[in-house]
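Working notes for the structure below.
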Amino acid sequence: MRLPLLFAASGAIAALTFAARPAPAEPAAATGAIADIPASCASCHALTKPETPTVERLWTRKGPDLWYAGDKFNREWLVSWLQNPAPIRPGGVMWFKHAKPGEPRDTIDTASIEKHPAVDAATATKLADALLHLKGEGLIVEGEFKPEGVNLTMGQMSFGKLRGCVSCHQDKPGQGGVSGPQLHDAGKRLKPDYVLAYTRDPQKFDHFIWMPRLTLSDPDLQRLTGYIASLGKENK
Amino acid sequence: MTYRVALLLPAVLALGGALILHQPASAGAESPKITASAHLYDTYCAQCHGVQRNGKGVNTIGLSVQPRDHSDTVGMASLPRDQMIRAIKEGGAAVNKSALMPAWSSVLTDQQIEDMADYLQHVCKCGQPT
């Protein structure tokens, strides 16, 4: 019988296709939520924490991880983005696959980046609610970001030359590096506590991601988060 | 057997996905260690140092200090291996260079960093790996 083999090979996707039992470690709320998310989404996105993260997984996955979506996204943004998905990662989910050598520098072949499937308003609301149930354990500390007394000018300087976030992230459309997600609408998209937690230790989210843990003090983290959380808010 | 088809679908999609990818710069008949380091370089370093290792990565548009050209035989020959390792492990600031060169010890193991130094000497054709 070849069936068992095929089962093993298709792994998690097969489990979802058949709405079979969820991984035992998932909390009950997440389990129910995953059942509400179509298998097509799961074919590109990890909805549960990968058991063995590897560099290879980052080269083969077709979309960013959503297993901590509930720690990360603002609901309003999510509902609207799912209906009208604009690009977030200027270099695609893995920039190298879209990079071409050139002068004066390598560029991204934007034509090779696929458009994201869109859904209707009712589906978007349902999906957003399901996605917001997906949370990692102890990834973020609620209330850790303190909005009082944040100095945006200092935050902007840190983001730029001082800490070099702009090497990989855009804080204004078209301005900054392209290997990481743009952050110019991060104020609408991301929860500030997530921004802080990710900036402090990206390896906690994925050990192999190509943003390394940078040496940042607590005041650095607060002002960077304050700056990022302010981006894109004015034109709401 | 309809559900055998359903099971195969993800595999077929994965295969299709693999075929449209272009070849990473690490492809080629090199020693396994060099190939492994080249792959890590593609993943982590090429974003700034360039897919051709020439210092012209996609991210240089956001950089106020230009990354080292790792293909420059003369320039790289003057860079001691120790300093290279320190820069990769602890970041540019640890060797009195720009902090825009980040520290990689949260991602790469000490052994991978040693191998990366050998790899850089292979790329610049400017020294014997020790």
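We name chains A, B, ... by the order of the sequence lines, and we start the count at 1 in each one.
Ranking B/L63, B/T60, B/L100 against chain A, the residue ahead of the rest is B/T60, based on heavy-atom pairs under 4.5 Å. In terms of non-hydrogen atom pairs under 4.5 Å with chain B, the most contact-rich of A/P212, A/G102, A/P90, A/P104 is A/P212. Counting heavy-atom pairs closer than 4.5 Å to chain A, the top-ranked of the candidates B/A46, B/P102, B/A99, B/S105 is B/A46. Contact count against chain B (heavy-atom pairs under 4.5 Å) is highest for A/E56 among A/Q175, A/E56, A/M211. The residue among A/S112, A/G177, A/G160 with the most heavy atom pairs within less than 4.5 Å of chain B is A/G177. Chosen from B/C45, B/G57, B/G91, B/C48, the residue pairing most often with chain A at heavy-atom distances under 4.5 Å is B/G57.
Side chains of A/C168 and B/Q47 form a contact here, defined as non-hydrogen atoms less than 4.5 Å apart. Annotation: side chain of A/W95 is not in contact with side chain of B/T43 (no heavy-atom distance under 4.5 Å). Two residues are said to be in side-chain contact when any heavy atoms from C-beta on lie closer than 4.5 Å; A/Q203 and B/V107 meet this criterion. Taking 4.5 Å as the limit, some side-chain heavy atom of A/V178 sits within range of a side-chain heavy atom of B/N59.
Counting only residues at least two apart or in different chains, ring-ring contact (aromatic ring centres under 6.0 Å, His included) contacts with residues 152-181 of chain A comprise A/F159-A/Y227.
No part of A/P202 comes within reach of chain B, as not one of its non-hydrogen atoms sits under 4.5 angstrom from that chain. Both the backbone and the side chain of A/S167 come within less than 4.5 Å of a heavy atom in chain B. Looking at B/S64, only its side chain comes within 4.5 Å of chain A, counting heavy atoms on both sides. Proximity to chain A is absent for every atom of B/L108, based on heavy atoms less than 4.5 angstrom apart.
Taken to the nearest 0.5 Å, the OH atom of B/Y44 stands 13.5 Å off from the CZ atom of A/F96. Here the straight-line distance linking atom CG of B/D42 with atom CH2 of A/W210 works out to 12.0 Å at 0.5 Å rounding. Atoms CD1 and CD, from B/I61 and A/Q170 in turn, are 8.0 Å apart once rounded to the nearest 0.5 Å.
Using a distance-only test at 3.5 Å, with no hydrogens or angles considered, no donor-acceptor pair links the side chain of A/D106 to the main chain of B/G50.
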